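Chain letters run A, B, ... following the sequence lines, proteins first, then strands; residues in each count from 1. Because the structure is predicted, anything quoted here is derived from the model rather than measured.
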Amino acid sequence: MKKLVINTFNCWGCKTCEETCIRCHPETLAEGSSVSRINVIAKNKHERVPVTCLQCEEAACVMSCEFQALSRNEATGAIERDRSKCTRCHACISACPFGNVILDKKTGHVYKCDLCKGDPECAKTCPSKTLVFE
Amino acid sequence: MTVQFTIDNKKVSGEPDQTILDVATASGIKIPTLCHFAAVPDWGGCRLCIVEITMEKWDGWSKVVTSCLYPVKKDLIVKTNSKRIVENRKMILNLLMARAPAAKEIKELAREYGLERTDLTCGDSKEKCIMCGLCTRLCAHQGTFAISTINRGPEKAVGTYWKRTPDECIGCLVCSRNCPTGAIPFKETHGKRLIWDREFDLVKCSVCGSFTQLTKEQAKYHAKKAGLTEDYFMKCEICNRKDAGHKFLDLMQDPSSALYSDWGAKPLPHHAMPEPTEAWKSLQESKKR
């Protein structure tokens with residue numbers, strides 16, 4: 001199964017991945033949300049790393065959801081949110097120890113990386129080969 | 001073993017444990033609903049999802065059933081917009097408008113069926129609740145059981161046990177956020193949430209001081225369910241993300257960590273910002289002028 005590999009040492013901190021993520025989710029834009037599911041964290045002038053959902057094997061978000069709205073897509077290996085089951089209780093946001101479940105404060109909806117159904121856009125547009133899907 | 005049948009003359013198939021609504025949704029056929037929610041069991045409370053069903057051996061006789069509850073059957077013939085169904089849905093919306101005159105969503109749905117206003121005697125003009133019961137089912141599914149239907153007959157309503165402030169409520173807003181007509185009000189200001197006449201404190205992030213999305217009761221509830229302490233929920237997601245990023249970077253730079261050796265990382269020179277070119281410097285100067 002392919003994984004999204006993050007080569008931290010290459011990261012320029014340009015945030016192209018964030019912009020790509022916002023624009024490559026038409027269903028999210030249609031809802032009026034422009035959130036990025038990947039975020040570049042800069043520790044200081046020299047160290048940067050893009051942080052996104054780690055698709056944990058024993059995911060805290062999946063275990064916290066009372067309504068079974070988060071589940072693994074066996075084909076892509078990613079944990080996906082079923083919008084028709086999500087009640088927007090925000091338990092998953094607080095459950096993720098890495099803060100990778102994103103909240104859109106305007107609509108109350110939550111978003112998380114679903115590996116773009118198996119073909120992540122951020123890996124295609126990363127100029128420094130930090131994000132690689134292999 | 002799949003069950004083959006038709007909806008609006010379109011051949012569809014489903015599993016034996018599915019309802020007509022499940023199969024219609026999966027096949028892209030739209031049936032209007034109000035009290036249906038995928039995560040909780042269906043109840044048939046609003047009656048808006050009614051469809052007309054018949055079978056060849058019924059000799060032209062048909063009946064009206066709620067598609068959210070009726071299980072699929074081999075060779076069933078389903079009509080979602082027959083004349084009888086449209087008339088029935090119009091009456092249902094008429095009744096709902098009379099019961100909940102303040103519900104905008106009902107008025108919009110009624111307009112789609114050609115009904116501008118109700119000719120029946122209206123109830124309380126500020127009422128939005130259509131008694132679909134979705135809020136009570138969501139609260140029950142979560143395991144909190146703070147609200148239910150109370151009283152009988154015309155007095156029947158959704159409320160808390162004995163109309164007192166609910167001790168079981170954790171202030172999660174699931175009932176309010178998912179009500180089809182927005183009938184459950186709540187107020188949220190300055191880290192306090194008010195719902196069902198009870199005030200909740202939102203958890204304050206121990207690092208940045210901003211308020212998280214959880215109330216203290218929610219944190220307690222989830223901590224108990226997961227076997228954790230409440231400290232787990234004391235950081236907001238932005239601080240969690242920042243700390244995760246910093247931790248990864250520390251691990252990658254630490255020569256003694258397993259991560260460092262696993263990845264065969266070498267201490268690469270830091271990416272320093274390049275020196276500004278002459279063209280850049282003169283551009284900055286011209287901007288200042």
Side-chain angles (χ1 to χ4, degrees), chain A residues 5-14 36-54 60-61 63-70 82-105 107-110 112 128 130, chain B residues 25 36-40 134-135 138-139 141-144 170-178 203 212-215 218-219 221-223 225-228 232-253 259 263 265-273:
Chain A
V5 177
I6 301 178
N7 298 312
T8 323
F9 292 117
N10 294 348
C11 183
W12 293 352
C14 63
S36 172
R37 299 143 199 243
I38 185 168
N39 291 283
V40 175
I41 306 290
K43 189 167 160 212
N44 50 45
K45 219 165 51 158
H46 305 293
E47 295 169 61
R48 304 154 284 263
V49 62
V51 173
T52 188
C53 175
L54 305 177
C61 59
M63 288 194 273
S64 73
C65 185
E66 308 262 12
F67 301 96
Q68 291 81 47
L70 289 163
D82 185 345
R83 201 190 179 290
S84 66
K85 289 192 181 160
C86 174
T87 59
R88 293 173 283 163
C89 71
H90 300 166
C92 52
I93 297 179
S94 300
C96 178
F98 311 109
N100 280 323
V101 182
I102 319 292
L103 166 71
D104 180 353
K105 285 214 164 79
T107 60
H109 277 289
V110 274
K112 65 170 295 300
S128 57
T130 304
Chain B
T25 314
H36 168 76
F37 197 86
V40 292
L134 179 58
C135 52
L138 287 169
C139 194
H141 195 87
Q142 192 176 230
T144 35
I170 57 174
C172 64
L173 298 184
V174 166
C175 58
S176 182
R177 283 202 172 108
N178 296 286
V203 170
T212 66
Q213 293 296 307
L214 293 190
T215 61
Q218 266 181 292
Y221 177 81
H222 285 291
K225 200 177 75 119
L228 303 161
Y232 185 93
F233 297 98
M234 292 300 144
K235 263 167 49 178
C236 70
E237 70 274 15
I238 311 239
C239 291
N240 269 338
R241 210 181 300 147
K242 201 159 59 123
D243 287 349
H246 290 191
K247 221 178 272 177
F248 291 151
L249 288 163
D250 288 341
L251 280 171
M252 293 304 285
Q253 304 285 359
L259 208 62
W263 282 51
K266 309 178 285 291
L268 293 173
H270 285 153
H271 282 303
M273 284 293 286

Enquirer: Nearest 0.5 Å please: distance from the CD1 atom of A:I93 over to the OG1 atom of B:T212.
Expert: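 If we round to the nearest 0.5 Å, A:I93:CD1 and B:T212:OG1 are 9.5 Å apart.
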
Enquirer: Return the minimal non-hydrogen interatomic distance between A:K43 and B:L249, and the atom names on each side.
Expert: CB-CD1, 3.7 Å

Enquirer: To the nearest 0.5 Å, how far apart are NE2 in A:H109 and CZ in B:R177?
Expert: 10.0 Å

Enquirer: So, for B:K242 and A:I41, which heavy atoms are closest and what is the spacing to 0.1 Å?
Expert: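 B:K242 and A:I41 have their closest heavy atoms at O-CG2, 3.9 Å.
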
Enquirer: Any heavy-atom pair between the side chains of A:E66 and B:K225 that's under 4.5 Å?
Expert: yes

Enquirer: What are the two closest heavy atoms between A:S94 and B:F233, and how far apart are they?
Expert: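 Closest pair (atom of A:S94, atom of B:F233, distance): CB-CD2, 3.7 Å.
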
Enquirer: Just so I understand: if I count every heavy-atom pair under 4.5 Å between each of A:P50, A:A42, A:A95, A:G108 and chain B, which residue has the most?
Expert: A:A95

Enquirer: Do the non-hydrogen side-chain atoms of B:H141 and A:Q68 ever get within less than 4.5 Å of each other?
Expert: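 They are in contact (side-chain heavy atoms under 4.5 Å apart), so the answer is yes.
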
Enquirer: Roughly how far, to the nearest 0.5 Å, is the NE2 atom of A:H90 from the CG atom of B:L214?
Expert: 9.0 Å

Enquirer: Taking the side chain as every heavy atom from C-beta outward, state whether B:R241 and A:I102 have any pair of such atoms under 4.5 Å apart.
Expert: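 Answer yes - side chains close enough.
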
Enquirer: What part of A:A60 gets within 4.5 angstrom of chain B, counting heavy atoms only: side chain, backbone, both, or neither?
Expert: side chain

Enquirer: Can you tell me how far apart NE2 (B:H222) and OG (A:S64) are? Round to the nearest 0.5 Å.
Expert: 6.5 Å

Enquirer: Can you name the nearest heavy-atom pair linking B:F37 to A:C86, along with the distance?
Expert: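 Here B:F37 and A:C86 meet closest at CZ-O, 3.5 Å.
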
Enquirer: Out of B:D250, B:L228, B:V174, B:V203, which one racks up the most heavy-atom pairs below 4.5 Å with chain A?
Expert: B:V174

Enquirer: So which residue, A:N44, A:V51, A:N39, ends up with the most heavy-atom pairs under 4.5 Å with chain B?
Expert: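 Counting heavy-atom pairs under 4.5 Å, the top option is A:N39.
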
Enquirer: Kindly indicate whether the side chain of B:Y232, heavy atoms from C-beta on, has any atom under 4.5 Å from the side chain of A:P97.
Expert: yes

Enquirer: Output the distance between atom SG (A:C92) and atom CD (B:Q213), rounded to the nearest 0.5 Å.
Expert: 10.5 Å

Enquirer: Using heavy-atom distances under 4.5 Å, tell me whether A:C89 contacts chain B through its side chain, its backbone, both, or neither.
Expert: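 A:C89 touches chain B through backbone and side-chain heavy atoms alike.
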
Enquirer: Find the one option among B:L138, B:I238, B:V40 whose heavy-atom pairs under 4.5 Å with chain A are most numerous.
Expert: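 Highest number of pairs under 4.5 Å: B:L138.
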
Enquirer: Do B:F248 and A:I6 touch side chain to side chain, with heavy atoms closer than 4.5 Å?
Expert: no

Enquirer: Side chain, backbone, both or neither: which part of B:Q142 has a non-hydrogen atom closer than 4.5 Å to chain A?
Expert: both

Enquirer: So which residue, B:C172, B:A38, B:A244, ends up with the most heavy-atom pairs under 4.5 Å with chain A?
Expert: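 The candidate making the most pairs under 4.5 Å is B:A38.
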
